[in-house]
Amino acid sequence: MKKPPEEKPRVIDNSKNYSFFENVWEVVRKIPKGRVSTYGAIANYLGTRSSARMVGWAMNASFSVKPKVPAQRVVNRNGMLTGKIHFATPTLMEELLLKEGITVKNEIIVDFKKIFWDPNVELI
DNA sequence: AGTATGACTCATT
DNA sequence: AAATGAGCCATAC
């Protein structure tokens with residue numbers, strides 16, 4: 001058995017069976033195309049807003065996970081593509097976002113506030 | 001097993 | 001307003 005059918009991610013009990021990372025990936029996959037979220041928002045959704053670093057860590061591990069995790073839709077709270085350097089190429093993240101209709105200028109997402117997707121609000 | 005590091009964020013100075 | 005320090009906790013060494 002790979003993993004039991006998930007019920008409601010909401011507040012996750014990241015104690016044992018469910019790893020913190022898997023929860024992060026699940027939430028990130030739910031980010032609609034053309035929208036973006038932040039590490040902090042995801043961390044907050046998982047229960048601890050201070051664990052934003054772990055979200056970033058989970059993204060680093062997300063490259064070897066399937067289905068693919070749209071890591072390019074996760075940026076820091078300023079809308080800055082801080083994680084681009086971790087992609088295959090430093091420009092890949094921006095390219096992917098651009099293909100989704102998101103404009104990136106100087107490594108900052110334009111109209112970031114408008115396309116910001118907060119799991120706490122949208123993903124009830 | 002202990003220390004160091006990180007795709008972050010917030011409060012304080 | 002910009003800079004600094006602290007909190008956070010899972011991996012890596």
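The figures that follow rest on heavy atoms only: side chains count, while hydrogens, waters and symmetry mates do not. Labels below follow one simple rule: chain letters A, B, ... track the order of the sequence lines, proteins then strands, and each chain is numbered from 1. Values in this document were obtained by computation on a predicted structure and should not be read as measured data.
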Would you mind telling me which of [options] lies closest to the side-chain atoms of [X]?
X     : options              : result
A:T38 : B:dG6, B:dT9, B:dA7  : B:dT9
A:S62 : C:dC8, C:dT11, B:dA7 : B:dA7
A:A71 : B:dA7, B:dG6, B:dT9  : B:dA7

- Task: Taking all heavy atoms of A:F116 and all of A:E122, pick out the closest pair and write down the distance.
- Result: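 Looking at all heavy atoms of both residues, the shortest contact is O-OE2, 4.3 Å.
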- Task: Kindly give the heavy-atom pair with the smallest separation between A:W25 and A:M59, and that separation in Å.
- Result: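 Looking at all heavy atoms of both residues, the closest pair is CD1-CE, 4.0 Å.
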- Query: How far does the P atom of C:dG5 sit from the matching atom of B:dT5, given to the nearest Å?
  - Reply: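 Their P atoms lie roughly 16 Å apart.
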- Task: Could you give the distance separating B:dA7 and C:dA3 at their C1' atoms, to the nearest angstrom?
- Result: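 One C1' to the other, the span is 22 Å.
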- Note on the structure: Sorted by position of nearest nucleotide on DNA chain C, 5' first, the leading residue of A:R53 and A:W57 is A:R53
In this structure, how many angstroms lie between the [atom2] atom of [N] and the [atom1] atom of [X], rounded?
X     : N      : atom1 : atom2 : value
A:Y45 : B:dT9  : OH    : P     : 18 Å
A:I85 : B:dT5  : CD1   : P     : 16 Å
A:L46 : B:dT9  : CG    : C1'   : 15 Å
A:H86 : B:dT5  : NE2   : C1'   : 11 Å
A:W25 : C:dA10 : CH2   : C1'   : 12 Å
A:F20 : C:dC8  : CZ    : P     : 14 Å
A:N60 : C:dA12 : CG    : P     : 9 Å
A:M54 : B:dC8  : CE    : P     : 10 Å

- Message: Considering every strand and a 4.0 Å limit on heavy-atom distances, what is the contact class for A:N76: base, sugar-phosphate, or nothing?
- Response: sugar-phosphate
- Counting any heavy atom closer than 4.0 Å, what does A:F21 reach on the DNA or RNA strands: base, sugar-phosphate only, or nothing?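 Counting heavy atoms under 4.0 Å across all strands, the contact made by A:F21 is with sugar-phosphate only.
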- Query: Below 4.0 angstrom from OP1 or OP2 of C:dA10, is there any side-chain N or O of A:S51?
  - Reply: no
- Task: Determine: side-chain N/O of A:R77 to OP1/OP2 of B:dC10, distance under 4.0 Å, yes or no.
- Result: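 Result: yes.
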- Query: Once you round to the nearest 0.5 Å, how far does CG of A:L92 lie from CD of A:Q72?
  - Reply: 7.5 Å
- Query: Got A:V24 and A:I42 here, is their nearest side-chain heavy-atom distance under 4.5 Å?
  - Reply: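 A:V24 reaches A:I42 side chain to side chain.
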- Task: Apply the test side-chain contact (heavy atoms from CB on, under 4.5 Å) to residues A:V75 and A:F112: give CA-CA distance (whole Å), side-chain angles for both, the deciding distance (0.1 Å), then the verdict.
- Result: CA-CA 10 Å; A:V75 296; A:F112 166 68; 3.7 Å; yes
